[in-house]
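Read the numbers this way: they start at 1 and go in the same order the structure lists the ligands and their atoms.
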Amino acid sequence: MCGIFGIVVEQEQPLGEILVQAGKRLSYRGYDSVGCATLHEDGSIDLRKDVGKVDEVAERLRFFEMTGRRGMVQLRWATFGTPSQVNAQPHFDSDGDLVGAHNGNVVNNVELRQQFIAQGMTVRSTNDGESCVHAVERYVDQGYDMVGAIRRACHDLEGDYAFVIGRVGEDRLYALKKGSGLVVGLGEGSSCVSSDLPSILPFTRRILRVQDGEIVVLWADRVELRRVEDGGVIEREVETVAESMEVAEKGGYPHFMLKEIHEQPGVVRELLNLFEASAHVAPMVERMAKARHLYLVGCGTSYHACMLGSVYMARLAGRAAIPILAPQFIAQYGPALGEDDVGLFVSQSGETKDVLNALEVAQERGTHVLGLVNVLGSTLMNVSECYLPLACGYEISVPATKTFTNQVVAFLYLALRMGGRDTAILARLPGLLEETLDLIEPQAAALEANLADRDDLYCLGYGLTYPIALEGALKLKEVTYAHCEGMLSTEFKHGPLSAVHQGYPVIFVAGPEDVPLIVSGVNETTCRGGWAIAIGEEDDRLRNNAHDLIRLPEAGPLLSPILATLPLQVLSYRLSLARGYDPDFPRNLSKTLTVD
Ligand code: M6R
């Protein structure tokens, strides 16, 4: 999740400090490299960038000395191209007349780079941010003005992204939004543009929210919005924002957990774009397909993703994959591991000690080690033979939400690829997640009052929804401090059914294919006075047998479990607040467990 910030001021002045501070405010999004460019009135551009943290790179490259009338800073989270100085942003065009930086993914980056090279342009990196600059350069060279060139470039650049760009000899910056966030700030004698609000608030509270398909032209004393479609000027009221910096960092949500729940459609979209264009997916699939034994290793939420991944792999690729909790992996399979085996280690943080211990054992036995990890630069990323990023940006709340969803989506994608199947079914997922979030909020609110004081409940699922039931139970436990046990629905009658009494809450997560089996479990509960809450697609059998149905959009058996995660997250969040707790920082827990 890269971040961009650009500023235009009235006269040449020191800009380095401003850019460094803006960069720091963008840093919560996650990044591996940082760069600044300032444009001077004499037509020169000062560009400094490298891999590392803002403070360290700023010190080393002396960002504080940078002056200019226009400046930009970019924090890069590597997707296309490894983290390196040359891939760090901003980027020049061929002649150094344009400089620009982007946020997001240009999915046809490889094809575009080939075109630019064939057209004689100087392409220095493999980063898609550079493609944004060359895409504009191509039309500037044909005689278009900057707005005309950006409009045409927008049609060539596929994917979800935003960029900021400046040209020597001018007094303005330009920005384009197509999928990624972009906000404009109108200050006294300056205007700025950024991926998000926190980096703008120190300058001004007067903002314009840019929409997809819009270009912004920024001067020191005014801004102009134009449509990509026809170049026409857009009139938009300036908004004055009242929110505090803290609320702004939470994207306007009261808690990071809720913000991160609502980020899920966006991060899924980003991950799918990334995988479609990634050169790492094919070798990873090949390595897993050839394994003698394939182990999916993780802890907590990441382990639940492994469990669902295993079901997807068997079902879509006919491949048995063994999901296993990391410490148990050592005890149960350590002595049997061999050089033909593959361990796919899954971790949001990439630093969980239990996972790294298991990985060490695998390496000692010569087993191939692959990674699925969110935090880039983490130990798991560094020691894996090959890794795929989860592309979620920072997940700040202790309860994992968006990273679970992207772990599961990654598994589904890999399973489809391993089975030689079309991944196109995933294209519907971001939209379905948005629809689900709209649908479930009032449904969860309706259940809240009755559930808030329960200290004991069950969450059951079957087949593809079994891991979702475990994950839902973990989330409920983690943030409400109530005891919620997750279980295979068919196991309930083998013992725990004895806990059921009048009004005892049992949540059933029903995949569309498993409704009859789930309905049996529902009836075993209701006939003993229990309160059955079903989560599933609209179905008369669920509606008529359970007391409540949290309805999901129709998505089919493969996608429905992913959607079913959302009501359990939202319910956990609401119940945590109703019980007076802070869902972002539950007691006794830590985001990254670096202890045994
Ligand atoms: O960073 P990891 O994915 O390796 O963390 C593993 C677990 O500690 C983590 O998933 C934990 O269970 C979550 N906080 C649950 O929401």
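- If you check which protein heavy atom lies closest to atom 1 (O) of ligand 1, you get Ser349 OG, 2.7 Å.
- When hydrogens are left out, the protein atom nearest atom 3 (O) of ligand 1 is Ser302 OG, 2.6 Å; that is the closest non-hydrogen contact.
- Between Phe275 and Tyr413, the ring center distance clears the sub-6.0 Å criterion.
- Nearest protein neighbour of atom 8 (O) of ligand 1, counting heavy atoms only, is Leu593 CD1, 3.8 Å.
- Within the listing of ligand 1, atoms 13 (C), 14 (N), 15 (C), 16 (O) sit less than 4.0 angstrom from a heavy atom of Glu478.
- Salt bridge Asp55/Lys24: present, at least one basic N to carboxylate O contact under 4.0 Å.
- When heavy-atom distances to ligand 1 are checked against a 4.0 Å cut-off, Lys475 comes that close only through its side chain, counted from C-beta outward.
- For the pair Arg587 and Tyr481, the distance from NZ or CZ to the six-membered ring centre is under 6.0 Å and the angle to the ring normal is within 45 degrees.
- We find that Glu441 and Arg574 are joined by a salt bridge, their nearest charged nitrogen and carboxylate oxygen being less than 4.0 Å apart.
- Test Gln348, Glu478, Lys475, Gln407 against Thr301 for side-chain hydrogen bond (donor to acceptor under 3.5 Å, both in side chains) and you get one pass: Lys475.
- Using a 4.0 Å cut-off between heavy atoms, Thr352 contacts ligand 1 through its side chain alone, with no backbone atom that close.
- Polar contact check, Gln407 against ligand 1: no nitrogen or oxygen pair lies under 3.5 Å apart.
- Aromatic ring centres of Phe404 and His304 lie farther apart than the 6.0 Å criterion allows.
- By heavy-atom distance, the residue among Thr403, Thr301, Leu356, Val346 lying nearest atom 11 (C) of ligand 1 is Thr301.
- Residue Pro399 approaches ligand 1 through these ligand atoms, each under 4.0 Å from one of its heavy atoms: 16 (O).
- Under a 4.0 Å criterion applied to the non-hydrogen atoms of Ala400, ligand 1 contributes the atoms 16 (O).
- With respect to atom 6 (C) of ligand 1, the closest heavy atom belonging to the protein is Cys299 O, 3.4 Å.
- The local environment of CD in Glu339 is sparse, with at most 12 non-hydrogen atoms from other residues, nucleotides or ligands closer than 6.0 Å.
- Ionic pairing of Arg579 and Asp455 is present here: one or more N-O contacts between side-chain nitrogen and carboxylate oxygen are shorter than 4.0 angstrom.
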